[in-house]
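Below is one structure, written out as structure tokens; the observations come after it.
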Protein chains: 2
Amino acid sequence: MSREAALTTSIRDVAGRAGVSVGTVSNVLNRPDVVSPATRERVRSAIAELGFVRNESARHLRAGRSRTIGLLVLDIANPFFTDVARGVEEVAEAAGLSVLLFNSGGRPDKEAEHLEVLAEQRVQGVLMSPIAELMPQVWAMRERGVPVVLLDRRSPGPEQCAVAVDDVLGGRLAAEHLLERGHRRIVFLGGASTLPQVQERRAGAQAAVDAVGGAGADGGPRPSLLALPGNELTVAAGREAAARIMGLPVQRRPTAAVCANDLLAVGLLQELVRHGVDVPSSFAVVGYDDIDFAAAAAVPLSSVRRPRAELGRRAAELLLDEAGGGHHHHEQPVFEPTLVVRESSMARRDPAADQEEPS
Amino acid sequence: MSREAALTTSIRDVAGRAGVSVGTVSNVLNRPDVVSPATRERVRSAIAELGFVRNESARHLRAGRSRTIGLLVLDIANPFFTDVARGVEEVAEAAGLSVLLFNSGGRPDKEAEHLEVLAEQRVQGVLMSPIAELMPQVWAMRERGVPVVLLDRRSPGPEQCAVAVDDVLGGRLAAEHLLERGHRRIVFLGGASTLPQVQERRAGAQAAVDAVGGAGADGGPRPSLLALPGNELTVAAGREAAARIMGLPVQRRPTAAVCANDLLAVGLLQELVRHGVDVPSSFAVVGYDDIDFAAAAAVPLSSVRRPRAELGRRAAELLLDEAGGGHHHHEQPVFEPTLVVRESSMARRDPAADQEEPS
DNA sequence: AGCCACTGCTGAAACGTTTCACAGTGGTCC
DNA sequence: GGACCACTGTGAAACGTTTCAGCAGTGGCT
């Protein structure tokens, strides 16, 4: 193998060495059947001897389309997204495509920047979990003819594919569960986030709370859903929330939390336990996503499970279909979340015990 | 903006629209200062009107080098690696490079495949945490002239850059800590992995155990380091290990574990706690990596901390230096790990209580 | 002998960009 | 008034590949 220069070795060098034309080398590479066995072997030897590696840029330039798709996630440090990414890769790999994985980290400027790079790379399409409202950049991508499939986000309209989970239902499941257990003062963590997913989870929880109406059948007071400032969805933010909650006067202190994701829940749990708050008897916690770490948290965490890898697979399939060029029909599948109850919310609570002070 | 075709809009179309030559458009893009303000504006308007986006493949083809580096990690689901990736991205971004992130998932075939893709993409260099022994593919990459920096792995020789952590020390720190606490029968989890990093951790732990020698000063028996089958480094594998440990007869059952990484430790903890084993008083656990979830585990996890983002940053810096073309001096920095003691290993144990049955 | 079909290969065009030698145009200096 | 300069802009070559029209050779058929 030639030293230090294999990557500057072109198909022309191979042709020279094998004593054939460049067209023939290309044929050996792409349609070996049209080349005679003898020539084929000669070319293959030359390729091996020179350590020739195709130049993907040149291929792509000539072909007009690349062999890659883009995946732009909100937070690569969240295991939810790495699981989604696994599903995406599975499908992409089966189709012979590479995945360009980028992380917006929740920062719109990063998101825009990465979309730009993906456009410059002429990816066949982009899978993205967008931040906040659909950005102009997203529309620009579509106008440029790059298919975009929204990931973990409902589409505002039928003009694009979107793979989502029914987050209103998820929020409701979490809250209903806590209400059933007798909790009346519930706090929703992460609610200050502007992510629509989070807002839907909160709305679902609110709906469940509202549905209980006045003095419950169990004699408890009217339930309420508190909110705390803070829009980050990280373990650290969960820890801070714990401090805030414990800082509240006992009469107004919630007895349970619905967390916008598991990272928050894990941080919250950790800090509560560290301060001697007994979970679940003194305080119950429900997370969201059911990441692998949820079951291994300070107290095994009840969580709203979402089909993570399946979400990624489905999104990738839709993207490939759309990029395929055939007559594509946009779809907006919505998966149903399920509640996984673990120890962190297992205790029952007497609603009457939480009668609020007369205000 | 033209519809549906912006990505097939070339610099030539822009030139036509602006009434200039393609060379001038290119100049506006790359050296705007050599173009007169009036022309510059005209070209910029044309670009905006047409929604023109540079074709990176064509740029790259002409330039001969791409604006990307490759990052190939062992397990993207392990937060350790996402933290490392964050460090890498930081440095790459500052240099105006994109990072192509791939996951080998510990599978050599995937690793080879992804390296091939990276070579075809003509990345400026590759950062990788290799599986097992250095593969022929890695040498091939170097022979092709693609700089490769080993990540989380000591280099066998001085002919390449490698960024690592002193895993022998790390293993030793973990074991010494447990020995000091009075543990005499310690199990090492994950030891069947062929990853050199893991073997070094085990060797370090073994050294610490051996150093205690005969009947300890504290009157306890000669300490021992057990091994269990199982080479996976996942939460699930940690759970399985718990079952194995609890299946051992009490006289031979270890009283503490050093885990090859935190995923194992978290799984182990979870299952031990679930079966009512009190951690740390009945069983102590020390993990490795100190990922964010360690502190939030079933019992806050003692762990050997490694400078994760710093590892990524340093590796990326070395890669950029090597790819830069100047006179590059290979370096093999080795970072020192530190032990973070948390509750999972805090109890003291009386060594005499663990006198082994006479064999 | 003439024609055809088939096989195997060639050589050039094209993809979209950057770069570079060069040309045109005024202005400045001697 | 000529030489020189700075400033703008032009147009073609080149990057490495794929594709495609076409050519040469071979063998079979009429």
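No hydrogens, no waters, no symmetry mates; every other heavy atom, side chains included, goes into these values. Throughout, protein chains are lettered first and strands after them, A, B, ... in sequence-line order, and every chain is numbered starting at 1. Computed from a predicted structure; not experimentally measured.
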- Hey, which of B/Glu56, B/Arg59, B/His60 is the one that makes side chain to side chain donor-acceptor pair (under 3.5 Å) with A/Ser57? B/His60
- Between B/Glu113 and B/Lys110, is there a salt bridge with N-O shorter than 4.0 Å? yes
- Task: Kindly say if B/Ser36 contacts the phosphate of D/dC7, meaning a side-chain N or O under 4.0 Å from OP1 or OP2.
- Result: no
- Between A/Arg313 and A/Glu90, is there a salt bridge with N-O shorter than 4.0 Å? yes
- Assert: residue with more 5' nearest nucleotide on DNA chain D, out of A/Ser57 and B/Val20, is B/Val20
- Note on the structure: Assign each of A/Pro37 and A/Val22 the nucleotide of DNA chain C bearing its closest heavy atom; nearer the 5' end lies the nucleotide of A/Pro37
- Task: Using a cut-off of strictly less than 4.0 Å, decide whether A/Thr24 has a side-chain nitrogen or oxygen near OP1 or OP2 of C/dC9.
- Result: no
- Query: Please give, in whole Å, the distance from D/dG16 P to B/Gln121 CD?
  - Reply: 16 Å
- Using whole Å, report how far CG of B/Asn27 lies from C1' of C/dT18. 9 Å
- Note on the structure: Separation of C/dT17 atom C1' from B/Leu29 atom CG, nearest Å, is 10 Å
- Rounded distance (Å) that lies between atom P of C/dG16 and atom CG of B/Leu61: 12 Å
- Task: Answer yes or no: does a side-chain N or O of B/Asn30 lie under 4.0 Å from OP1 or OP2 of C/dT18?
- Result: yes
- Length of the line joining A/Glu56:CD and D/dG16:C1', which is rounded to integer Å: 12 Å
- Message: So if I take every side-chain heavy atom of B/Ile11 and compare against D/dG11, C/dT17, C/dG11, which nucleotide ends up nearest?
- Response: C/dT17
- Identify whether any heavy atom of B/Arg54 sits under 4.0 Å from a base atom; if not, whether one sits that close to sugar-phosphate; answer base, sugar-phosphate or nothing. sugar-phosphate
- Query: Does A/Arg62 get its side chain close enough to the base of D/dT17, under 3.5 Å, for a donor-acceptor pair?
  - Reply: no
- Message: Less than 4.0 angstrom between a side-chain N/O of A/Arg59 and OP1 or OP2 of D/dT18, yes or no?
- Response: yes
- Query: Do the two ring centres, one from A/His328 and one from A/His330, sit under 6.0 Å apart?
  - Reply: yes
- Note on the structure: Looking only at heavy atoms, the pair that brings A/Gln332 and A/Gly157 closest together is NE2-O, 3.7 Å
- Task: Scan A/Gly64 against the nucleic acid and name what it touches under 4.0 Å (heavy atoms): base, sugar-phosphate only, or nothing.
- Result: nothing
- Query: Roughly how many Å is it from CZ in A/Arg42 to C1' in C/dT10, rounded to a whole number?
  - Reply: 14 Å
- Taken to the nearest whole Å, CG/B/Asn55 to C1'/C/dT18 is 13 Å
- Note on the structure: note: A/Arg65, atom CZ; D/dT19, atom P; distance rounded to Å ~ 13 Å
